[in-house]
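Worksheet: one structure, shown below.
Ligands are counted one by one from 1 in listed order, and the atoms in each one are counted from 1 as well. Sequential numbering from 1 along the given sequence is applied to the chain's residues. Heavy-atom basis, side chains included; hydrogens, waters and symmetry copies ignored.
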Amino acid sequence: MLHINPKTIFALSTAPGKAGISVIRISGSSVRKVSVIFSIELPKPRQVKLCQLIHPITKEVIDNSLITFFPSPKSFTGEDVIEISIHGGKAIQDLIFRVLSEQDDFVYAEAGEFTKRAFLNGKLDLLAIEGLGDLINAETEFQRKQAYDQMEGSLSSLYNKWISQLVKILSYIEATIDFVEEEIPDNLVRNQLKDIKSTCIEIENHLDDSNKGERLRDGFRIIIAGAPNTGKSSLLNHLSDRDIAIVSPQAGTTRDSLDVYLDINGFPVIITDTAGIRKARTSIEGIGIKRSESKIYEADLVLWLMDSSKKNNKLIPDNIKEKSIAVWTKSDIAISKEKDILISTKHNLGFVQLIDIIGKYVEKGCRTEGLFITRSRHRDALEKTRKHLLSITNENNLEIEVMAEELRSAVNSLGRITGNVDVEDLLEIIFADFCIGK
Ligand SMILES: Nc1nc2c(ncn2[C@@H]2O[C@H](COP(=O)(O)OP(=O)(O)OP(=O)(O)O)[C@@H](O)[C@H]2O)c(=O)[nH]1
Ligand SMILES: [Mg+2]
């Protein structure tokens with residue numbers, strides 16, 4: 001069970017290390033004591049004030065700082081919060097932390113404790129917290145947008161809408177159980193079934209999203225594969241503009257898979273160079289080839305390389321044709337130039353066309369418009385909700401008590417996504433202005 005430590009917590013909110021400025025965040029019921037500790041006058045709520053921080057014992061000036069005060073409940077954590085912007089040096093931070101630690105009711109915050117308090121005080125639900133985490137980690141423009149929308153509650157409103165729809169149905173059904181001796185309109189249960197079906201269809205449509213949101217969050221995976229010596233490592237180096245993989249005329253150079261992170265048109269892409277596929281000559285090469293095969297299996301797109309200066313190339317295997325594009329390499333020494341995609345890393349040829357095609361695949365694979373599932377945690381919970389609803393709609397003459405139980409489980413699964421649903425509380429709210437038969 002989560003609980004809030006009664007102590008006031010403090011920590012550095014900006015990244016550690018030297019910087020122009022750093023921000024220390026303090027949250028909890030003793031926050032106002034900061035004014036006594038450092039001999040400063042607190043600013044008005046949510047206004048910034050320039051203050052000299054004075055050491056409580058030596059009375060020396062520690063630093064000039066900017067103080068912002070957020071009284072409860074209008075703060076990130078919901079508690080009283082003070083943010084102190086100081087010059088970003090280690091000695092200043094250490095001294096302030098030492099002074100604060102000497103207070104009985106102050107303690108250095110644990111990882112994620114500010115956010116945990118925000119959750120426990122009802123300031124953020126789990127989706128908003130995950131959105132905030134994703135926003136901080138976002139590396140491309142579309143990742144930023146998706147994370148921001150989630151943090152601002154776009155997914156929470158959708159899931160909360162389904163929760164209220166289902167709880168409303170549940171309240172009717174519970175009422176039917178409770179008042180079964182009295183007169184219940186004949187079509188009551190039939191109407192509830194219709195509503196369950198329509199919510200279930202909405203959830204199914206949401207699930208049927210080709211995993212775009214998760215791909216946008218985690219990165220679109222492109223694998224460079226093909227026979228040895230076709231120029232795979234040369235292509236990785238060229239695309240990433242770095243000399244990251246060893247290139248050599250010897251077939252079977254690459255053994256380990258090598259990842260490079262790229263931003264293609266605002267989408268996150270992970271490109272992986274792999275060991276050339278052939279009958280392994282050594283056991284180590286064999287391990288490399290196995291790794292290639294499993295990477296190819298996980299890939300969203302495979303660039304299958306073939307050497308245009310050679311006859312008898314190893315063609316794209318049938319089982320990966322659907323997610324592969326054929327890329328012919330070494331166009332500068334090609335036997336024939338009649339190929340759809342023909343590149344030369346040596347002479348920088350064919351890359352406008354190759355990047356254009358890759359960009360289209362990436363966009364198709366992770367462009368999200370509207371609301372998309374962003375984590376497998378949410379997908380699992382939605383799948384469970386769907387399963388419970390289907391077990392009601394697929395069954396004829398299901399006992400009403402079983403129906404209520406399945407609905408309750410469906411709501412609980414949905415509630416686990418946002419983390420703040422208590423079915424009994426919701427039922428009470430609904431029953432408060434709900435009257436059977438009206
Ligand atoms: N002429 C020419 N040679 C190239 C080109 N691209 C790669 N090569 C040469 O092809 C040879 C193999 O290149 P790599 O990039 O190591 O090929 P690979 O597919 O990674 O090979 P393995 O790791 O052994 O599977 C090297 O000698 C490269 O210099 C190109 O565009 N033109
Ligand atoms: Mg290689």
Quiz item: Leaving out waters, which are not shown anyway, how many protein N, O or S atoms lie closer than 2.8 Å to the Mg ion (ligand 2)?
Solution: 2
Quiz item: Is the shortest side-chain N to carboxylate O distance from Asp273 to Lys232 below 4.0 Å?
Solution: no
Self-check item: Note: Arg98-Asp94 ion pair, threshold 4.0 Å (strictly below)
Solution: no
Practice problem: Begin with the C-alpha distance, continue with both residues' side-chain angles, and end with the deciding distance and a verdict on ring-ring contact (aromatic ring centres under 6.0 Å, His included) for Tyr108 and Phe97. | Solution: CA-CA 8 Å; Tyr108 198 86; Phe97 291 159; 5.3 Å; yes
Quiz prompt | Considering all heavy atoms, the nearest Ile67-Cys51 contact | solution = CG1-SG, 3.6 Å
Quiz item: What does the list of residues with a heavy atom under 4.0 Å from ligand 1 look like, ordered by chain and number?
Solution: Pro228, Asn229, Thr230, Gly231, Lys232, Ser233, Ser234, Val247, Ser248, Pro249, Gln250, Ala251, Gly252, Thr253, Thr254, Gly276, Lys330, Asp332, Ile333, Ser344, Thr345, Lys346
Practice problem: Could you tell me whether Arg375 and Glu130 have a side-chain N and a carboxylate O separated by less than 4.0 Å? | Solution: yes
Self-check item: Ring-face cation contact, Phe142 with Lys145, 6.0 Å cut, 45° max
Solution: yes
Practice problem: Determine, for Lys7 against Asp104, whether the closest basic-nitrogen to carboxylate-oxygen distance falls under 4.0 angstrom. | Solution: no
Quiz prompt | Arg386 side-chain N/O to Leu207 backbone N/O, donor-acceptor pair under 3.5 Å | solution = no
Practice problem: Run the salt-bridge test on Glu214 and Arg217 with the 4.0 Å N-O cut-off and return the result as yes or no. | Solution: no
